[in-house]
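Please read these numbers as outputs of a predicted model, since none were measured by experiment. Basis for what follows: all heavy atoms, side chains included, without hydrogens, waters or symmetry-related copies.
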Amino acid sequence: MKQFFKFVFASFFGMMLFSIVTGLFALFTIVGMIASQDTTKEPEDNSVLVLNLSGQMAERSENNFLSQLQGTQINSLGLDNMLEGIRKAKDNDKIKGIYIEAGGFASDSYASMQALRKALLDFKKSKKWIITYADTYTQGTYYISSVADKVYLNPQGQIDWHGLASEPVFIKDLLAKFGVKMQVVKVGAYKSATEMFTGEKMSDANREQTSAYLNSIWGNITKEVGASRGLSVEQLNAYADSMITFADPQEYVKLKLVDGLVYTDQIKGIVKKQLGLEDDKDINQVTIADMLNTEDKNQGDKENQVAVYYAYGDIVDGVVGGLFSQGHQIDAQVVCKDLEKLAKDKDVKAVVVRVNSGGGSAYASEQIWHQIMELKKLKPVVVSMGGMAASGGYYMSAPANWIVAEPTTITGSIGIFGMFPDVSGLLREKLGLKFDEVKTNKYADFGTRARPFTEEEMSYLSQYVNRGYKLFRHRVAEGRKMTEEQVEKVAQGHVFTGQDAQKIGLVDELGGLDVAVAKAAQLAKLPNHRTSAYPKEPNILEQMLEQTKPNNYLSQQLRASLGDYYEPFTLLKTIDQQSAIQARLPFYPNIH
């Protein structure tokens with residue numbers, strides 16, 4: 001028995017010792033990773049910046065340390081990091097060029113791709129080179145990569161070049177199978193977000209505006225690609241109409257879409273030749289992450305900050321969480337507190353609000369509008385529009401001193417709606433439930449799930465929604481220094497590209513985030529300034545200490561599986577947690 005206890009004690013002590021050593025090792029590793037985040041280092045001489053276009057590009061990268069450890073991290077590219085890394089590479093004498101390797105790449109919008117493409121064009125002003133290679137170019141990666149001095153393709157590769165299309169999904173009949181109908185009150189002939197729940201095809205007004213913004217975006221793409229490749233818009237449209245995606249790769253060379261056909265192992269020799277390296281020498285490669293850790297030579301005084309506040313995703317009043325939350329959100333409760341802090345920060349002399357949102361809660365949009373008005377009393381506010389700044393996204397943008405948008409930004413959509421599910425058919429007819437009632441007042445049972453709204457109740461809801469629309473219109477008129485009659489002519493839920501919005505006074509200037517920052521510095525009369533991003537991203541330690549969202553990876557997989565059906569499905573799942581009155585675009589623009 002004594003030997004048994006000695007064995008158990010030895011085993012227990014060994015396990016404890018192993019746990020302590022493993023824990024200390026993990027702790028030192030984490031501390032090292034945290035320290036490495038703030039380490040400044042310079043690239044070696046004769047280096048090339050490697051831009052790997054693979055993964056999903058969003059406004060900001062949201063790399064989660066715990067997800068990386070668990071192997072559930074989906075590759076996320078942040079537009080903010082990519083723009084900063086390219087800008088630093090342009091000014092760094094040790095970086096001689098950029099090598100782009102295009103893979104399985106997707107972006108939240110063509111406006112984000114346009115911003116990245118402009119950064120690459122700006123890089124070329126430094127007289128440095130860009131080379132790009134792909135086994136297959138998607139339309140988006142070819143749009144970006146066409147800026148390169150030399151475009152190479154695998155001899156058995158493809159270029160997907162087909163134009164743009166939008167294919168909305170309509171789920172009215174699907175809901176009907178479950179005995180569910182959507183009761184809708186909306187303002188605006190062009191306000192089309194509810195059509196997927198109430199219609200079987202696009203309305204004439206929606207078809208008109210969709211055609212207009214698709215043609216505007218495609219016009220920008222063909223013009224820019226044509227300028228880089230020495231091709232006319234007519235030629236590029238002819239290529240798209242001829243199913244060039246399935247052409248012999250040799251044809252791509254003849255049609256001036258690529259400069260050469262090479263295999264994967266041969267592209268290395270081309271880059272070495274560009275760098276003046278012998279075949280047996282290694283290429284000094286740096287990544288965007290490496291560039292972020294280099295010293296920023298163009299940053300000014302800490303006391304003269306232009307704050308860039310990122311606001312992207314659905315606009316909500318309090319986060320709708322859980323498995324079916326729709327990614328990053330603009331929580332009005334959080335945003336208002338953040339903007340209030342920036343207003344009080346004496347080092348922050350101007351604020352750029354980077355908006356990328358198709359809208360959401362009208363109430364939440366109004367709260368953010370108010371906070372921006374308060375902020376504007378103390379310091380200049382400039383809005384930089386990303387992929388979308390429409391409906392509620394435009395609502396919160398309207399009070400800014402100056403609005404900058406990409407030509408391909410989706411904006412406008414000044415209009416609101418209320419959408420209320422009638423599940424009485426499901427409960428009564430499908431499930432066989434019976435209801436009775438006793439009430440003290442006429443409308444005591446308003447909102448019951450036992451029946452749809454009456455005509456009288458719908459009239460009250462209509463009055464309420466109309467009042468919200470008039471307030472939205474008034475906010476735009478006030479912010480843009482227009483009369484309400486002038487706003488009405490461009491309202492009614494009408495969607496525009498940034499390029500068209502500038503012509504009608506909804507946008508002041510076309511350009512990217514850099515243009516907005518420069519304008520903010522000018523309005524604040526700053527001779528030199530430092531740009532700081534907000535809200536601050538959590539470091540590794542903060543990510544470990546904060547409560548992580550459950551089922552995040554599962555939600556991403558569900559989105560991938562459901563595709564176009566994910567957005568309407570998540571809306572139905574969370575509709576009782578959503579604000580009743582919405583100022584938003586269709587839930588998924590579905591441009592491809």
Taking side chain to side chain contact (heavy atoms under 4.5 Å, CB included) as the definition, give me every residue that meets it alongside [X], ordered by chain and number, with sequence neighbours left out.
{"X": "Val335", "result": "Tyr309, Ile330, Leu339, Ile368"}
{"X": "Leu261", "result": "Leu153, Pro155, Pro249, Gln250, Val253, Val258"}
{"X": "Glu44", "result": "Ser47, Asn284"}
{"X": "Ala307", "result": "Leu342, Val348, Val351, Tyr534"}

To the nearest 0.5 Å, how far apart are [atom1] in [X] and [atom2] in [Y]?
{"X": "Ile288", "Y": "Met82", "atom1": "CD1", "atom2": "CE", "answer": "5.5 Å"}
{"X": "Asp160", "Y": "Met243", "atom1": "CG", "atom2": "CE", "answer": "9.0 Å"}
{"X": "Asn220", "Y": "Arg117", "atom1": "CG", "atom2": "CZ", "answer": "10.5 Å"}
{"X": "Gln285", "Y": "Thr287", "atom1": "CD", "atom2": "OG1", "answer": "9.5 Å"}
{"X": "Ser242", "Y": "Asn237", "atom1": "OG", "atom2": "CG", "answer": "10.5 Å"}
{"X": "Tyr213", "Y": "Leu164", "atom1": "OH", "atom2": "CG", "answer": "10.5 Å"}

Begin from the C-alpha positions of Lys191 and Ser391 and carry the test side chain to side chain contact (heavy atoms under 4.5 Å, CB included) through to its verdict. CA-CA 9 Å; Lys191 200 67 183 171; Ser391 203; 2.6 Å; yes
What pairs with [X] under side-chain hydrogen bond (donor to acceptor under 3.5 Å, both in side chains), at least two apart in sequence or on another chain?
{"X": "Thr409", "result": "none"}
{"X": "Asn46", "result": "none"}
{"X": "Ser365", "result": "none"}
{"X": "Thr141", "result": "Thr138"}

Side chains of Ile144 and Phe105: does their closest heavy-atom pair fall under 4.5 Å?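 SC-SC contact between Ile144 and Phe105 confirmed.
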Indicate yes or no: at least one non-hydrogen side-chain atom of Met202 is less than 4.5 angstrom from one of Pro168.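 Met202 reaches Pro168 side chain to side chain.
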Worked verdict on Val225 versus Leu231 for side chain to side chain contact (heavy atoms under 4.5 Å, CB included): CA-CA 8 Å; Val225 171; Leu231 297 166; 5.6 Å; no
Any salt bridge linking [X] with [Y]? Criterion: basic side-chain nitrogen under 4.0 Å from a carboxylate oxygen.
{"X": "Asp508", "Y": "Arg480", "result": "yes"}
{"X": "Glu59", "Y": "Arg354", "result": "yes"}
{"X": "Arg530", "Y": "Asp296", "result": "no"}

CA sep, side-chain torsions, deciding dist, call: Asn304, Lys349, side chain to side chain contact (heavy atoms under 4.5 Å, CB included): CA-CA 6 Å; Asn304 289 331; Lys349 301 299 192 293; 3.9 Å; yes
Cut-off 3.5 Å, side chains only: do Asp135 and Tyr133 have a donor facing an acceptor?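 Their side chains do contain a donor-acceptor pair, which is all the 3.5 Å distance test asks for.
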Can you see whether Gln139 engages Tyr110 through a side-chain donor-acceptor pair at a distance of less than 3.5 angstrom?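 Gln139 vs Tyr110: donor-acceptor pair found between side chains.
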Where do [X] and [Y] come nearest, in terms of heavy atoms and distance?
{"X": "Thr411", "Y": "Ala501", "answer": "CG2-CB, 3.6 Å"}
{"X": "Ala115", "Y": "Leu83", "answer": "O-CD2, 3.6 Å"}
{"X": "Pro535", "Y": "Asp338", "answer": "CB-OD2, 4.1 Å"}
{"X": "Ser166", "Y": "Leu214", "answer": "N-CD1, 3.8 Å"}
{"X": "Gly313", "Y": "Ser357", "answer": "O-OG, 2.7 Å"}
{"X": "Lys88", "Y": "Thr294", "answer": "NZ-O, 2.8 Å"}

Apply side chain to side chain contact (heavy atoms under 4.5 Å, CB included) to the pair Ile86 and Leu120, showing each step before the final yes or no. CA-CA 7 Å; Ile86 293 168; Leu120 292 168; 3.8 Å; yes
Using modelled atom types only, decide if a donor and an acceptor are shared between the side chain of [X] and the backbone of [Y] within a distance under 3.5 Å.
{"X": "Lys128", "Y": "Phe123", "result": "no"}
{"X": "Lys94", "Y": "Glu42", "result": "no"}
{"X": "Gln114", "Y": "Thr408", "result": "yes"}
{"X": "Lys96", "Y": "Asp93", "result": "yes"}
{"X": "Lys376", "Y": "Pro399", "result": "yes"}
{"X": "Lys124", "Y": "Val147", "result": "yes"}
{"X": "Ser232", "Y": "Gln235", "result": "yes"}
{"X": "Asp259", "Y": "Val151", "result": "yes"}
{"X": "His162", "Y": "Thr245", "result": "no"}

ring-ring contact (aromatic ring centres under 6.0 Å, His included) involving [X] - partner list, sequence neighbours excluded:
{"X": "Trp129", "answer": "none"}
{"X": "Tyr394", "answer": "none"}
{"X": "Tyr190", "answer": "His494"}

Acceptor/donor pairs from residues 266-275 side chains to any protein atom, 3.5 angstrom cut, sequence neighbours excluded:
residue : atom : partner : partner atom : Å
Gln266  : OE1  : Tyr263  : N            : 2.7
Lys272  : NZ   : Asp279  : O            : 2.6
Lys272  : NZ   : Lys281  : O            : 2.8

Return the orientation label for the Tyr137 and Tyr142 ring planes: parallel under 30°, perpendicular over 60°, tilted otherwise.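 Aromatic pair Tyr137/Tyr142 classed perpendicular.
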State whether the number of non-hydrogen atoms from other residues, nucleotides or ligands found under 6.0 Å of Lys150 atom NZ is greater than 12.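 12 or below, so no.
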Can Asn81 and Ser61 be said to form a side-chain hydrogen bond (donor to acceptor under 3.5 Å, both in side chains), step by step? CA-CA 7 Å; Asn81 287 346; Ser61 59; 2.8 Å; yes
